[in-house]
S.K.: 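Submitted below is the structure of interest, expressed as structure tokens.
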Amino acid sequence: MRKKIVSIILGTAMAVSMLAGCGSKEEAPTTAQTEAKADEGEAGGAGEEASQEGGYEFKDTITLICPVKAGGDTDRNARVLAQYMQKYAGVNVVVKNVDGGATVMGMQECLDAKPDGTTLVVNGTDLFVPYMQGSSQINIDSFKTVAIPVIDNTTVLAVNKNSGWNTLEDLLKASQAEPNSIEYGGKIGASNQICGIAMNKEWDANLKFVDVGNNAAKLTALLGEQTDVINISYALATDYFTTGEFIPLCLLGAEKNELLADVPMASDYGLKDVDFSKFFWVGTGPEVPDETVEALADVVKKATEDPEFISSMESYYLTVDFMAGKEAQEFANQMYETGLLPYKDAFLQQQ
């Protein structure tokens, strides 16, 4: 995944165009703060292995703002990362959930924080959606990128076993026989809605988008056969795939995930691969000193080199692939330009 997109970056213009947008009108945020303290014997207490080797010394608690509710994959990744950052930073690292505005509220809180490097925000592909809607001025270029520690090439198209569709071909034949009769459940204004647009365009899928809510709501709807098909990160539905209640029809990525070797690609059916893989990104305010950003990136790098962190991420079928600073920022912007931007007009028409 990284090699493929980085090669695109190197073969195109040296700079990716700046993104801009304005604030969201979604519900007011709910905030829950929990400390991601490492259990003794696992990641160790704060400072147990964080010497900094005479270099930068962190003195205050570091807060990772997670701009969505607790319980999803972004929240899970943030908590695992906080655990291992704490191991190497020498101070407590806590996770704070700030839900609202399609991740805008959490990102804004990071931008408003004191620029001392103690407040970070984590996000992924959805950070671009409010910008693309024109509802927010905030985008990845509003921040200093610390790092991308993890690539999530696990998004799958899933159906209930009772649907009678065992392959992507089965689903597409049914959708083409009765256009707009098969419901694709997702969250309006999120990247999964754009994924539905992409599948309809690239595969002539004729799926009908239905707003059922976030990942937890999508799983409930598919389990109860209240919607026909969803996209979901594989690890969030592992139990259902293991029992056979759900069938993963296709990996929605640009390349095979060897940790999900049995899940076919669209290209296995002679179709264009629709890439809705994700990155897990860490950023901080634009006024934070470069020295501090570099020190934070070094802590994240150490975390990604920890065998226990790698094992934890792989248990969720994720790929640890560290990128820092500008490289990470350009990688994310390129994913936006190739994966989301081509479907912008159709997406805006559905709002």
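Quick note: residue numbers are just sequence positions, from 1.
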S.K.: Working to the nearest 0.5 Å, report the span between CG of L168 and CG of L271.
M.R.: 6.0 Å

S.K.: Please tell me whether V212 and V68 are part of a single hydrophobic cluster in this structure, the criterion being side-chain heavy atoms less than 4.5 Å apart.
M.R.: no

S.K.: Is the number of heavy atoms from other residues, nucleotides or ligands within 6.0 Å of CD (E225) greater than 12?
M.R.: yes

S.K.: Please answer whether the main-chain N or O of W165 pairs with a side-chain N or O of S163 as donor and acceptor at a distance below 3.5 Å.
M.R.: yes

S.K.: For F209 and Y184, take the angle between the two ring planes, folded into 0 to 90°, and tell me which bin it lands in: parallel under 30, tilted 30 to 60, perpendicular over 60.
M.R.: tilted

S.K.: Would you say that V293 contacts T284 through its side chain, given a criterion of any heavy-atom pair below 4.5 Å between the two side chains?
M.R.: yes

S.K.: Between L251 and L318, is there shared hydrophobic-cluster membership here, with clusters defined by ILVMFWY side-chain heavy atoms closer than 4.5 Å?
M.R.: no

S.K.: Could you walk me through whether K173 and E169 pass the salt bridge (Lys or Arg N to Asp or Glu O under 4.0 Å) test, one step at a time?
M.R.: CA-CA 6 Å; K173 286 179 181 178; E169 284 182 335; 5.2 Å; no

S.K.: Can you find a side-chain donor-acceptor pair between N153 and D275 that sits under 3.5 Å?
M.R.: no

S.K.: Under the salt bridge (Lys or Arg N to Asp or Glu O under 4.0 Å) criterion, do K144 and E287 qualify, and how do the steps go?
M.R.: CA-CA 8 Å; K144 282 188 177 177; E287 302 303 320; over 6 Å; no

S.K.: Just do the ring-ring contact (aromatic ring centres under 6.0 Å, His included) check on Y336 and Y131 with the steps written out, would you?
M.R.: CA-CA 11 Å; Y336 166 73; Y131 155 76; 5.7 Å; yes

S.K.: Any side-chain heavy-atom pair from E314 and I310 closer than 4.5 angstrom?
M.R.: yes

S.K.: What's the separation between atom CG in D306 and atom CE in M313, rounded to the nearest 0.5 Å?
M.R.: 11.0 Å

S.K.: List the steps, then state whether side chain to side chain contact (heavy atoms under 4.5 Å, CB included) holds for M132 with L340.
M.R.: CA-CA 9 Å; M132 196 164 80; L340 300 182; 4.2 Å; yes

S.K.: Within a strict 4.5 Å, meaning less than it, do heavy atoms of the T154 and N257 side chains meet?
M.R.: yes

S.K.: Kindly compute the distance separating SG (C110) from CD1 (I65), expressed to the nearest 0.5 Å.
M.R.: 5.5 Å

S.K.: State, to 0.1 Å, how close L222 and T227 come at their nearest heavy-atom pair, and which atoms those are.
M.R.: CD1-O, 3.6 Å

S.K.: Flag yes if Y269 and L172 sit in one hydrophobic cluster, no otherwise; membership is Ile, Leu, Val, Met, Phe, Trp, Tyr, and two members link when side-chain heavy atoms are under 4.5 Å apart.
M.R.: yes

S.K.: Any side-chain heavy atom of V159 sitting closer than 4.5 Å to one from F246?
M.R.: no

S.K.: Could you walk me through whether K278 and D126 pass salt bridge (Lys or Arg N to Asp or Glu O under 4.0 Å), step by step?
M.R.: CA-CA 9 Å; K278 299 180 286 186; D126 280 339; over 6 Å; no

S.K.: Does the T242 side chain pair with the main chain of T238, one donor and one acceptor, at a distance under 3.5 Å?
M.R.: yes

S.K.: Quick one: closest heavy-atom pair of E183 and D228, and the distance?
M.R.: N-OD2, 2.7 Å

S.K.: Do E305 and F322 touch side chain to side chain, with heavy atoms closer than 4.5 Å?
M.R.: no

S.K.: With a 3.5 Å cut-off and no angle check, do the side chains of N231 and T155 form a donor-acceptor pair?
M.R.: no

S.K.: Looking at every non-hydrogen atom in both residues, tell me the closest pair between L236 and L219 and how far apart they are.
M.R.: O-CD1, 3.5 Å

S.K.: Compare every heavy atom of G339 with every heavy atom of F276, then report the nearest pair and how far apart it is.
M.R.: CZ-O, 3.7 Å

S.K.: Say whether, by atom type as modelled, one donor and one acceptor occur between the side chain of S315 and the main chain of S312 under 3.5 angstrom.
M.R.: yes

S.K.: Report the C-alpha separation of D141 and N333 in whole Å, then their side-chain angles, then the decisive distance to 0.1 Å, and conclude whether the side chain to side chain donor-acceptor pair (under 3.5 Å) test is met.
M.R.: CA-CA 9 Å; D141 298 323; N333 274 325; 3.3 Å; yes

S.K.: Which heavy atom in A89 sits nearest to a heavy atom in I62, and how many Å separate them?
M.R.: CB-CD1, 4.2 Å

S.K.: Given W281 and F331, is the ring-ring contact (aromatic ring centres under 6.0 Å, His included) satisfied, shown in steps?
M.R.: CA-CA 10 Å; W281 167 86; F331 178 90; over 10 Å; no

S.K.: If hydrophobic clusters are built by linking Ile, Leu, Val, Met, Phe, Trp and Tyr wherever their side-chain heavy atoms come under 4.5 Å apart, do Y84 and Y56 end up in the same one?
M.R.: yes

S.K.: To check you understand the geometry: which heavy-atom pair defines the closest contact between V121 and G106, and what is its length?
M.R.: CG2-O, 4.2 Å

S.K.: Answer yes or no: does atom CD of Q176 have more than 12 heavy-atom neighbours from other residues, nucleotides or ligands under 6.0 Å?
M.R.: yes

S.K.: Could you tell me whether D75 and K69 have a side-chain N and a carboxylate O separated by less than 4.0 Å?
M.R.: no

S.K.: For the backbone of A266 and the side chain of D273, can you confirm whether one donor and one acceptor N or O come within less than 3.5 Å of each other?
M.R.: yes

S.K.: Side chains of N192 and K187: does their closest heavy-atom pair fall under 4.5 Å?
M.R.: yes

S.K.: Is the side chain of K256 donor-acceptor paired with the backbone N or O of A261 at a distance under 3.5 Å, no angle test?
M.R.: yes

S.K.: Kindly indicate, with the supporting measurements, whether the criterion salt bridge (Lys or Arg N to Asp or Glu O under 4.0 Å) is fulfilled by K161 and E245.
M.R.: CA-CA 5 Å; K161 67 178 181 179; E245 292 174 274; over 6 Å; no

S.K.: More than 12 non-hydrogen atoms from neighbouring residues, nucleotides or ligands closer than 6.0 Å to CG on D262, yes or no?
M.R.: no

S.K.: Measure the spacing between CD1 of I197 and SG of C195 and express it to the nearest 0.5 Å.
M.R.: 9.5 Å

S.K.: For the CG atom of L249 and the CG atom of L157, what is their distance to the nearest 0.5 Å?
M.R.: 5.5 Å

S.K.: Do the side chain of N215 and the main chain of G72 share a donor and acceptor less than 3.5 angstrom apart?
M.R.: no

S.K.: Would you please say whether a donor-acceptor pair under 3.5 Å links the side chains of T61 and N92?
M.R.: no

S.K.: Hey, are the side chains of L120 and T63 touching, using non-hydrogen atoms and a 4.5 Å cut-off?
M.R.: no

S.K.: Is atom CD of Q351 surrounded by more than 12 heavy atoms (other residues, nucleotides or ligands) closer than 6.0 Å?
M.R.: yes

S.K.: In the single-linkage hydrophobic clustering (I, L, V, M, F, W, Y; side-chain heavy atoms under 4.5 Å), do V156 and L259 co-cluster?
M.R.: yes

S.K.: Measure from the side-chain N and O atoms of N77 to the backbone N and O of T74, and report whether any donor-acceptor pair falls under 3.5 Å.
M.R.: no

S.K.: Check whether S267 reaches the backbone of G270 with its side chain - one donor and one acceptor, N or O, closer than 3.5 Å.
M.R.: no

S.K.: If I take atom CE from residue M107 and atom CZ from residue F143, how far apart are they, to the nearest 0.5 angstrom?
M.R.: 5.5 Å

S.K.: Check whether D298 reaches the backbone of E294 with its side chain - one donor and one acceptor, N or O, closer than 3.5 Å.
M.R.: no

S.K.: Mind running side chain to side chain contact (heavy atoms under 4.5 Å, CB included) on D116 and T292 for me, showing each step along the way?
M.R.: CA-CA 8 Å; D116 58 4; T292 304; over 6 Å; no

S.K.: Would you indicate whether the side-chain heavy atoms of D152 and D73 approach each other to under 4.5 Å?
M.R.: yes

S.K.: Looking only at the side chains, is there a donor atom on one of S175 and K208 sitting less than 3.5 Å from an acceptor on the other?
M.R.: no

S.K.: Between the side chains of Q349 and D345, does any donor sit under 3.5 Å from an acceptor?
M.R.: no

S.K.: With side chain to side chain contact (heavy atoms under 4.5 Å, CB included) as the test, would you mind laying out the steps for Q83 and L81 before giving the verdict?
M.R.: CA-CA 5 Å; Q83 178 181 343; L81 180 63; over 6 Å; no

